[in-house]
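Take a look at the structure below.
Just so it is clear, the structure is predicted and the values come from calculations on it, not from any experiment.
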Amino acid sequence: VVAASEIAAYDAMHDRIVYAGIETYTLEFGASDQGQWVFNDATSLVAPASGAVDPTRSLLVALDADSLRGFSFFTGTWHDIAIGGDAPPAGAELVWDDSAKRLLAVADGVFDLAFDANATTATFTMLPTTNAPPPRTAFAVAVSGTVLWLSGGLLPSGCTLDDLWTLDLQSGAWTNVWPATGCQ
């Protein structure tokens, strides 16, 4: 399995898609429904990488094997974000929790990501949870309301999972909605 080193997000403010992987490009739709690719900058991500938009800051946040950084939709530039607290392991997936207006990082635990006023420093804090799913990588994650959904992934043994879990973000309780049908 090859770890992803690309992320993309829609920037509604500028009607464009921001792509970061090997360098950073934008797909600009201003002149055409088909869009036009434009080189933005030489910033590249190192696998494994994940990203999520923080709409309160108009910021695409990327967590990769080397660093945490933010792409400002206002300026069209990247800046490094210093990491504090209990940082999640490489391969953590970022997701926006709209009900609490915060970014979460999901890995072998769920981490709240709190920024300073300028989003130049971020502190990770592991959230207390019960009945956690087995540790895994390469999984899908989403938040709807106050529920975090986690699906599939790979166990350290290489086994591919097809299970589904939910986390009540208010109580911290995990529930196995769909047990894995394959190896465990």
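With rounding to the nearest 0.5 angstrom, the CG atom of Leu161 is 9.5 Å from the CG atom of Leu150. Separation of atoms OG1 (Thr56) and CZ (Arg102) is listed at 13.0 Å; rounding is to 0.5 Å. Distance check: Leu113 CG to Asp54 CG gives 8.5 Å after rounding to the nearest 0.5 Å. Taken to the nearest 0.5 Å, the OG1 atom of Thr146 stands 8.5 Å off from the CG atom of Asp97. Between atom CG of residue Leu127 and atom CG of residue Leu104 there is a gap of 6.5 Å, rounded to the nearest 0.5 Å. Note that CH2 of Trp165 and CG of Leu148 are 12.5 Å apart. Values are rounded to the nearest 0.5 Å.
Of the possible donor and acceptor atoms, one in the side chain of Ser72 sits under 3.5 Å from a partner among the backbone N and O of Thr75. Between the side chain of Thr125 and the main chain of Asp112, no donor-acceptor pair closer than 3.5 Å is present. Distance alone, capped at 3.5 Å, is enough to place a donor-acceptor pair between the Ser44 side chain and the Glu23 backbone. Not one N or O on the side chain of Ser67 forms a donor-acceptor pair closer than 3.5 Å with the backbone of Arg69.
Side chain to side chain, Asp162 and Thr181 meet the donor-acceptor criterion of an N or O pair below 3.5 Å. Judged purely by distance below 3.5 Å, without hydrogens or angles, the side chains of Trp174 and Asn176 never pair a donor atom with an acceptor atom.
Follow the hydrophobic side-chain contacts under 4.5 Å out from Trp178 and you reach Trp149 in the same cluster. Put simply, Ile22 and Trp78 are part of two different groups of oily side chains (I, L, V, M, F, W, Y) that touch within less than 4.5 Å, one to the next. Cluster membership for Ile17 and Phe73, using ILVMFWY side-chain heavy atoms within less than 4.5 angstrom, is not shared. No chain of hydrophobic side-chain contacts below 4.5 Å, direct or via other Ile, Leu, Val, Met, Phe, Trp or Tyr residues, connects Leu45 to Leu63. When hydrophobic clusters are built by joining Ile, Leu, Val, Met, Phe, Trp and Tyr residues whose side-chain heavy atoms come closer than 4.5 Å, directly or via intermediates, Phe115 is grouped together with Trp96.
Counting all heavy atoms, side chain and backbone alike, Ala105 lies closest to Pro88 at CB-CG, 3.8 Å. The heavy-atom pair separating Leu169 from Val143 by the smallest distance is CD1-CG1, 4.0 Å. Of all the heavy atoms in Val53 and Leu103, the pair that sits closest is O-CD2, 4.3 Å. Shown here for Thr43 and Thr24, the closest heavy-atom pair between the two residues is O-OG1, 3.0 Å. When all heavy atoms of Met126 and Phe111 are compared, the pair lying nearest together is CE-CZ, 3.3 Å. Between Leu59 and Ala119, the shortest heavy-atom contact is CD2-CB, 4.0 Å.
Taking the six-membered ring where the residue is Trp, Tyr25 and Trp37 present perpendicular rings, their angle passing 60° and hence far from 30°.
Within 6.0 Å of the CD atom in Gln36, the count of heavy atoms belonging to other residues, nucleotides or ligands does not exceed 12.
When side chains are defined from C-beta on, Asn131 does not count as touching Thr175, because their heavy atoms never get closer than 4.5 Å. In this structure, the side chains of Asp163 and Arg136 come closer than 4.5 Å at one or more pairs of heavy atoms.
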Pair Phe124-Leu68, side chain to side chain contact (heavy atoms under 4.5 Å, CB included): steps then yes or no: CA-CA 11 Å; Phe124 287 95; Leu68 182 67; 4.2 Å; yes

Derivation and outcome, side chain to side chain contact (heavy atoms under 4.5 Å, CB included), residues Leu27 and Arg16: CA-CA 5 Å; Leu27 180 58; Arg16 65 183 177 181; 5.9 Å; no

From CA spacing to verdict: side-chain hydrogen bond (donor to acceptor under 3.5 Å, both in side chains), Thr26, Glu28: CA-CA 6 Å; Thr26 55; Glu28 310 279 341; 2.5 Å; yes

Test log, rule side chain to side chain contact (heavy atoms under 4.5 Å, CB included), inputs Phe71 and Asn40: CA-CA 11 Å; Phe71 181 88; Asn40 183 268; 3.4 Å; yes

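Annotation: ring-ring contact (aromatic ring centres under 6.0 Å, His included) contacts of Phe139 (sequence neighbours excluded): none.
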